[in-house]
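Report on one structure; see the data block that follows.
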Amino acid sequence: MQAAPLSLFLPAGITEAMKGAFLEAPTGTPNTEGRRQGETMTESAKVYELRIYHVVPGKLDSLVARFRDHTDALFAKHGMKSIAYWTALDEPAKSSTFFYILEHPSREAATANWKAFQDDAEWKSVKAKSEENGKLAEKIDSTFLTLTDFPRPVRI
């Protein structure tokens, strides 16, 4: 049975943008020696984190501004590499959903970096100020991903 393509789960345009963002990224498939030893992906392998914010009605612009003006730089400060940020083109996601992908050196690093980020006094201040009139996100979904060994990156 073949898995459903990611495009069935994400708004139009995001899968194409993700492909472009990952063209130069190494694949996450274990090496031949690791497979011989019966290993699957090790926790020390590079991982990607897809985060989907379900935004409070009317707050998308404020959330995007917070990421653009503050959060992205704080992610970098704490070792989290931003791959890309997206908003949807079509409703209902257009006015209520914000998507982004972070690259982490490993799952362990992701855990440590998120803790450092959440404990950062500057982040706490930025978050508090941006939410003076109420929270910006109702729910946040986080999914850790690893690249497959296909399709092969194409150079244009």
Side-chain angles (χ1 to χ4, degrees), residues 1-28 41 43-148 150-151 153-154 156:
M1 183 167 124
Q2 186 173 0
L6 190 57
S7 60
L8 292 179
F9 303 104
L10 298 175
I14 289 185
T15 52
E16 290 78 16
M18 288 171 64
K19 288 176 187 175
F22 296 129
L23 280 180
E24 295 185 18
T27 61
M41 280 297 299
E43 283 196 340
S44 62
K46 184 184 298 188
V47 297
Y48 299 89
E49 184 179 6
L50 169 64
R51 294 182 61 91
I52 302 172
Y53 282 55
H54 304 275
V55 182
V56 171
K59 302 282 187 157
L60 182 61
D61 290 343
S62 297
L63 181 67
V64 170
R66 183 173 77 187
F67 271 84
R68 180 188 57 243
D69 300 340
H70 304 285
T71 309
D72 186 58
L74 288 167
F75 282 164
K77 174 182 173 183
H78 292 288
M80 296 184 276
K81 179 180 176 185
S82 298
I83 298 298
Y85 297 92
W86 295 275
T87 55
L89 292 173
D90 300 313
E91 293 295 355
K94 180 179 180 178
S95 60
S96 63
T97 316
F98 182 66
F99 305 83
Y100 66 98
I101 294 181
L102 296 173
E103 178 184 296
H104 302 280
S106 67
R107 288 293 295 266
E108 298 89 351
T111 300
N113 292 344
W114 272 114
K115 180 171 181 1
F117 172 82
Q118 291 168 339
D119 291 343
D120 187 300
E122 183 180 357
W123 164 244
K124 289 178 181 181
S125 174
V126 164
K127 185 177 191 297
K129 185 172 181 172
S130 70
E131 295 183 346
E132 286 175 340
N133 296 316
K135 65 182 181 174
L136 302 181
E138 295 176 337
K139 178 183 171 195
I140 301 169
D141 295 322
S142 172
T143 303
F144 282 93
L145 308 166
T146 187
L147 291 173
T148 64
F150 65 92
V154 177
I156 297 176

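Atom set for the values below is all heavy atoms of this structure, side chains included, hydrogens, waters and symmetry mates excluded.
With sequence neighbours left out, D69 forms a side-chain contact (heavy atoms from CB on, under 4.5 Å) with A65. Residues satisfying the ring-ring contact (aromatic ring centres under 6.0 Å, His included) test with Y85, not counting sequence neighbours, are F67, F98, Y100.
Checked options E103, K81, R107; the residue passing with K46 is E103 (criterion: side chain to side chain contact (heavy atoms under 4.5 Å, CB included)).
Taking every heavy atom of both residues into account, I83 and L102 meet most closely at CG1-C, 4.3 Å. Of all non-hydrogen atoms in D141 and K139, the two that sit nearest each other are OD1-CE, 3.0 Å. Counting all heavy atoms, side chain and backbone alike, P105 lies closest to G79 at CD-O, 4.3 Å. The shortest non-hydrogen separation linking T97 to L60 is O-CD1, 3.9 Å.
In this structure the side chain of L136 never reaches within 4.5 angstrom of the side chain of V56, judged on heavy atoms.
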- request: Go through the steps to decide whether T71 and F117 satisfy the test side chain to side chain contact (heavy atoms under 4.5 Å, CB included), and finish with yes or no.
  value: CA-CA 10 Å; T71 309; F117 172 82; 4.0 Å; yes
Trace of the side chain to side chain contact (heavy atoms under 4.5 Å, CB included) decision for L74 with M80: CA-CA 9 Å; L74 288 167; M80 296 184 276; over 6 Å; no
task: Evaluate side chain to side chain contact (heavy atoms under 4.5 Å, CB included) for N113 paired with F75, printing each intermediate quantity in order.
output: CA-CA 8 Å; N113 292 344; F75 282 164; over 6 Å; no
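Residue pairs meeting the salt bridge (Lys or Arg N to Asp or Glu O under 4.0 Å) criterion with at least one partner in residues 49-66, sequence neighbours excluded, are E49-R51, R66-E131.
We find the OG-OH distance between S142 and Y53 to be 9.0 Å, quoted to the nearest 0.5 Å. Between the CZ atom in R68 and the CG atom in L63 there is a gap of 11.0 Å [rounded to 0.5 Å].
There is a side-chain donor-acceptor pair under 3.5 Å between H78 and D120.
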